[in-house]
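The structure under discussion appears below in the form of structure tokens.
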Amino acid sequence: MTKRLIILSLLPALLWIGILLYLQQNKKNEVPIQLQKSEQNLDGMVLMDRYCFACHHPGMGGGPSGRTGPPMFRVREHYFREGMGREEFVEPIIAYVQRPSQDKSKMPGAIRNFGLMPPLPIDQKDLDSIVNYIYDHDLASEEWINEWTEFKKQENPPL
């Protein structure tokens with residue numbers, strides 16, 4: 001009886017230890033998204049500012065009535081899933097931007113709230129840079145928001 005009571009009292013502690021070890025192991029396997037002041041990152045940010053942020057501004061200010069499209073971090077949330085490969089993320093967005101349609105959208109609520117996005121005359125190279133930049137960066141993260149804030153403080157961004 002005493003051994004059984006000891007075992008039963010240790011089970012919750014062992015369960016918590018197991019959960020903590022599992023979580024720690026998963027953290028080791030994560031590849032953190034790090035913002036680097038590389039040319040590619042700066043190009044992606046400049047291109048998003050030029051082509052995307054007029055309608056998909058990074059902030060949520062003003063509510064839906066003050067915007068013409070959902071913020072870009074919400075777009076990423078609808079298209080991105082953990083473990084998703086780059087092509088699986090990039091291809092649907094490029095297809096949608098080039099020829100927007102309800103069939104291609106993963107955001108029916110955005111179409112209902114803002115209407116269908118117009119096709120944009122963006123150079124293929126620039127579009128690829130933008131979508132790959134979005135794949136590589138968590139646009140809702142504090143790090144990215146800080147990077148964006150610093151970028152906007154510049155008087156004359158490159159490009």
Report yes if the side chains of Leu139 and Met48 come closer than 4.5 Å at any heavy-atom pair, otherwise no.
yes

Is any side-chain heavy atom of Phe73 closer than 4.5 Å to one of Pro58?
no

Quick check for you: to the nearest 0.5 Å, what is the distance between Lys153 atom NZ and Trp148 atom CH2?
13.5 Å

Under 3.5 Å donor-acceptor, Arg99 side chain and Pro119 backbone
no

Is there a side-chain contact between Ile111 and Ser105, using heavy atoms and a 4.5 Å cut-off?
yes

What distance separates Glu147 CD from Ser141 OG, expressed to the nearest 0.5 Å?
9.5 Å

Smallest heavy-atom separation, Val97 atom then Leu127 atom, equals CG1-CD1, 3.8 Å

Within the structure provided, determine whether Asp49 and Lys152 are in side-chain contact (heavy-atom separation under 4.5 Å).
yes

Hey, what do you get for CD1 (Ile122) to CD1 (Ile130), rounding to the nearest 0.5 Å?
4.5 Å

Measuring from His56:NE2 to Thr68:OG1, what's the distance to the nearest 0.5 Å?
7.0 Å

Starting from the C-alpha separation in whole Å, work towards a yes-or-no answer on side chain to side chain contact (heavy atoms under 4.5 Å, CB included) for Met84 and Tyr79.
CA-CA 10 Å; Met84 172 182 261; Tyr79 282 82; 6.0 Å; no

Do Asp128 and Gln124 have a side chain donor and acceptor closer than 3.5 Å?
yes

Side chain to side chain contact (heavy atoms under 4.5 Å, CB included) between Leu47 and Ser129, worked out
CA-CA 8 Å; Leu47 292 168; Ser129 292; 3.7 Å; yes

Considering only heavy atoms from C-beta outward, does the side chain of Trp144 approach that of Met45 to under 4.5 Å?
yes

Using modelled atom types and a 3.5 Å cut-off, is there a donor and acceptor pairing between side-chain atoms of His137 and backbone atoms of Tyr133?
yes

Between Pro100 and Leu116 the two heavy atoms that sit nearest each other are O-CD2, 3.7 Å

Correct closest heavy-atom pair for Met107 and Pro70 would be CE-CG, 3.8 Å

Is the ring pair Tyr135/Phe89 parallel, tilted or perpendicular, if the boundaries are 30 and 60 degrees?
tilted

d(Phe80 CZ, Lys106 NZ) to nearest 0.5 Å is 11.5 Å

Nearest heavy-atom contact between Ala140 and Ile145 is O-CD1, 3.8 Å

Which heavy atom in Arg76 sits nearest to a heavy atom in Ile134, and how many Å separate them?
NE-O, 2.6 Å

Hey, are the side chains of Asp136 and Arg86 touching, using non-hydrogen atoms and a 4.5 Å cut-off?
yes

